[in-house]
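Notes follow the structure.
The analysis underlying the following values was restricted to heavy atoms, covering all of them including side chains, and did not include hydrogens, waters or symmetry mates. Just so it is clear, the model here is predicted, and its values are computed rather than measured.
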Amino acid sequence: MMQGFRALIKRRSFLGALRSGECGGARPFSSDADHEVLVEGKSHARTAILNRPANLNSLTTSMGARLQKLYQSWEEDPAIGFVMMKGSGRAFCAGGDIVTLYHLLSEGNIEGCKEFFRLLYPFMYLLGTYLKPNVALLNGITMGGGGGVSIPGMFRVATDKTVFATPETLIGFHPDAAASFYLSHLPGYLGEYLALTGETLSGAEMFACGLATHYSLSTRLPQIEEHLGNLVTDDPSVIEASLGNLGDLVAPDNMSVIRRMETVDRCFSHETVEEIIDALESEAAKTDHTWYTSTLKRLREVSPLSLKVSLRSIREGRYQTLDQCLVREYRMSLQGISGKISSDFREGVRARMVDKDFSPKWDPPSLDKVSADMVDQYFSRLSPSEPDLELPVKQREAFA
């Protein structure tokens, strides 16, 4: 149940004052992305609103820079006790704006793509080491980078409208944005299942496995926001109690993957992707349950290279701190977008998001064509002179 995140609630303290901040309603913060990240101000709280509803609040480079600036200023402001984040429209955040990355790569602008990861990943580290209580309201689509700007934080409220996934293998990429950290800390081998298949979880399932700390019906969110907005506190236990008192009881339905964790562990605990598929096929031969056939179908649809690098990434994440995961994911992301090993990322985005023919031509086309050297290269620097991601680990202690 992700005890590491829950225990963190008890350990964090309020940061001493450096400067006072803004008050009042939604207001600008002097940035090119003002309209993409709005701010609501209460007397002792601030809310960042991801505001690209037509794009399901997908993250841009400028949004990453603005979020970093906002959260740093709020952390230092003695007048602010805690912060929140929510999305506009029917999504919390559908992840990074991969279509923009696709077009940047088509123009040969890999430096622009590097900047995207270089700005967003440090915000995820800031969130994971934040010194004030923070709440994310995960109402609606919460995928990929949407998990990265919420799950490393202290409180995550899922709802009946929440749809979570890490669908990167479907676009020839790997679960990034801190996913190799938080997926690897899920019960059993659920993280491997989610990383490889990209399958979705409901809000009830997120709460059951610990990805969400609280659950509420979406119709109660205005009440929750109003109540939190009236609090004058920097005490995590007060916010935790408030969210608990205003939450709803829920349990995954009988068809949920949470109900078949023994099977998930039995199949996805194997060392290689090939062994995982063999285990699923063996189980499928004993029953006619559609879960096995749909899971196998998905594993055969996604990028073979992505399957192998994603499995290794989750396994390494089990033994790494948040900062180590982000530094490794940064290396992997640069390799993934560069096309030096494979063009699967561009091909996956083209097939699913640009041309929408849903018929990607993966290279390599099958698992047996993915060499160990290719996987190893995915985890190395783009070049000997390529700098690693820099995170303020000396100023902000990471957690395991």
Side-chain angles (χ1 to χ4, degrees), residues 58-62 64-65 95-125 144-145 148 166-180 195-196 198 273 302-314 316-317 320 323-355 360-367 369-391:
S58 60
L59 299 165
T60 64
T61 302
S62 57
D97 189 344
I98 57 175
V99 174
T100 294
L101 292 181
Y102 171 86
H103 289 304
L104 286 173
L105 291 172
S106 298
E107 297 163 2
N109 187 2
I110 192 170
E111 291 303 318
C113 295
K114 290 180 184 179
E115 185 183 20
F116 171 81
F117 296 107
R118 198 162 52 237
L119 283 173
L120 277 164
Y121 286 8
F123 172 71
M124 295 159 190
Y125 183 72
T166 50
E168 286 81 4
T169 58
L170 280 76
I171 56 165
F173 206 52
H174 64 101
D176 68 318
S180 69
L196 299 187
V273 176
V302 303
S303 160
L305 176 60
S306 290
L307 285 176
K308 291 202 171 187
V309 300
S310 298
L311 180 61
R312 175 168 161 181
S313 180
I314 301 302
E316 291 193 5
Q320 293 178 329
D323 62 297
Q324 291 170 332
C325 285
L326 285 167
V327 169
R328 173 177 46 72
E329 288 174 2
Y330 180 73
R331 288 187 177 190
M332 296 172 67
S333 294
L334 297 196
Q335 289 286 4
I337 64 174
S338 71
K340 286 190 172 183
I341 307 171
S342 168
S343 59
D344 275 3
F345 173 70
R346 274 180 280 184
E347 174 62 7
V349 177
R350 179 207 64 76
R352 295 196 71 88
M353 305 296 296
V354 181
D355 297 338
K361 304 296 187 293
W362 302 125
D363 179 27
S366 58
L367 288 169
K369 302 293 184 183
V370 179
S371 69
D373 287 345
M374 295 174 73
V375 176
D376 288 342
Q377 186 178 344
Y378 215 104
F379 287 75
S380 64
R381 292 187 186 187
L382 198 57
S383 70
S385 60
E386 184 70 42
D388 272 331
L389 179 70
E390 293 186 7
L391 297 171

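- The heavy-atom pair separating Val273 from Leu307 by the smallest distance is CG2-O, 3.6 Å.
- The shortest non-hydrogen separation linking Pro364 to Val370 is CG-CG2, 4.0 Å.
- Taking a 6.0 Å sphere around CD of Glu390, one finds it holds 12 or fewer heavy atoms contributed by other residues, nucleotides or ligands.
- Contact check for Ser303 versus Thr169: no side-chain heavy atoms found under the 4.5 Å cut-off.
- Taken to the nearest 0.5 Å, the CD1 atom of Ile337 stands 7.5 Å off from the NZ atom of Lys114.
- Between Phe116 and Thr100 the shortest side-chain heavy-atom distance does not fall below 4.5 Å.
- Residues Lys340 and Leu334 have side chains not in contact (no heavy-atom distance under 4.5 Å, counting atoms from C-beta outward).
- A donor-acceptor contact shorter than 3.5 Å is absent between the side chain of Ser310 and the backbone of Leu196.
- The nearest pair of heavy atoms linking Ile314 to Ala195 is CG1-CB, 3.7 Å.
- Closest heavy-atom contact between Arg331 and Arg381: NH2-NE, 3.3 Å.
- A distance-only check finds no donor-acceptor pair linking the side chain of Ser343 to the backbone of Arg346 [under 3.5 Å].
- Within the 4.5 Å cutoff, no side-chain heavy atoms of Tyr378 are placed close to those of Lys308.
- Side-chain atoms of Glu329 and Ser180 form a donor-acceptor pair, as typed in the model, at a separation below 3.5 Å.
- Considering only residues two or more places apart in sequence or on other chains, Phe345 meets the ring-ring contact (aromatic ring centres under 6.0 Å, His included) condition with Phe173.
- How far CE of Met332 is from CD of Glu168: 10.5 Å, rounded to the nearest 0.5 Å.
- In this structure, the side chain to side chain contact (heavy atoms under 4.5 Å, CB included) partners of Arg352, at least two apart in sequence or on a different chain, are Leu170, Ile171, Phe358.
- Closest approach of Leu326 and Ala177 over heavy atoms only: CD2-C, 4.4 Å.
- For Tyr330, there are no ring-ring contact (aromatic ring centres under 6.0 Å, His included) partners two or more places apart in sequence or in a different chain.
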Would Ser333 and His174 count as a side-chain contact (heavy atoms from CB on, under 4.5 Å) here? Give the steps.
CA-CA 8 Å; Ser333 294; His174 64 101; 3.0 Å; yes
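- Annotation: side chain of Leu382 is in contact with side chain of Gln335 (closest heavy-atom distance under 4.5 Å).
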Quick one: do Ser313 and Arg328 satisfy side-chain contact (heavy atoms from CB on, under 4.5 Å)? Show the steps, please.
CA-CA 8 Å; Ser313 180; Arg328 173 177 46 72; 2.7 Å; yes
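- Smallest separation of non-hydrogen atoms from Pro167 and Gly144: CD-N, 4.1 Å.
- Under the 4.0 Å criterion applied to side-chain N and carboxylate O atoms, Glu115 and Arg118 are not assigned as salt-bridge partners.
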Under the side-chain contact (heavy atoms from CB on, under 4.5 Å) rule, what do Val327 and Tyr125 come out as? Steps first, then yes or no, please.
CA-CA 10 Å; Val327 169; Tyr125 183 72; over 6 Å; no
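- Note that SG of Cys113 and CG of Leu105 are 3.5 Å apart. Values are rounded to the nearest 0.5 Å.
- Taken to the nearest 0.5 Å, the OG atom of Ser58 stands 8.0 Å off from the CE atom of Met353.
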Working for side-chain contact (heavy atoms from CB on, under 4.5 Å), residues Leu120 and Leu59
CA-CA 9 Å; Leu120 277 164; Leu59 299 165; 4.1 Å; yes
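- Between the side chain of Ser342 and the backbone N or O of Asp363, at least one donor-acceptor pair lies under 3.5 Å.
- One distance of note links CG of Asp176 with OH of Tyr121; it measures 3.5 Å at 0.5 Å rounding.
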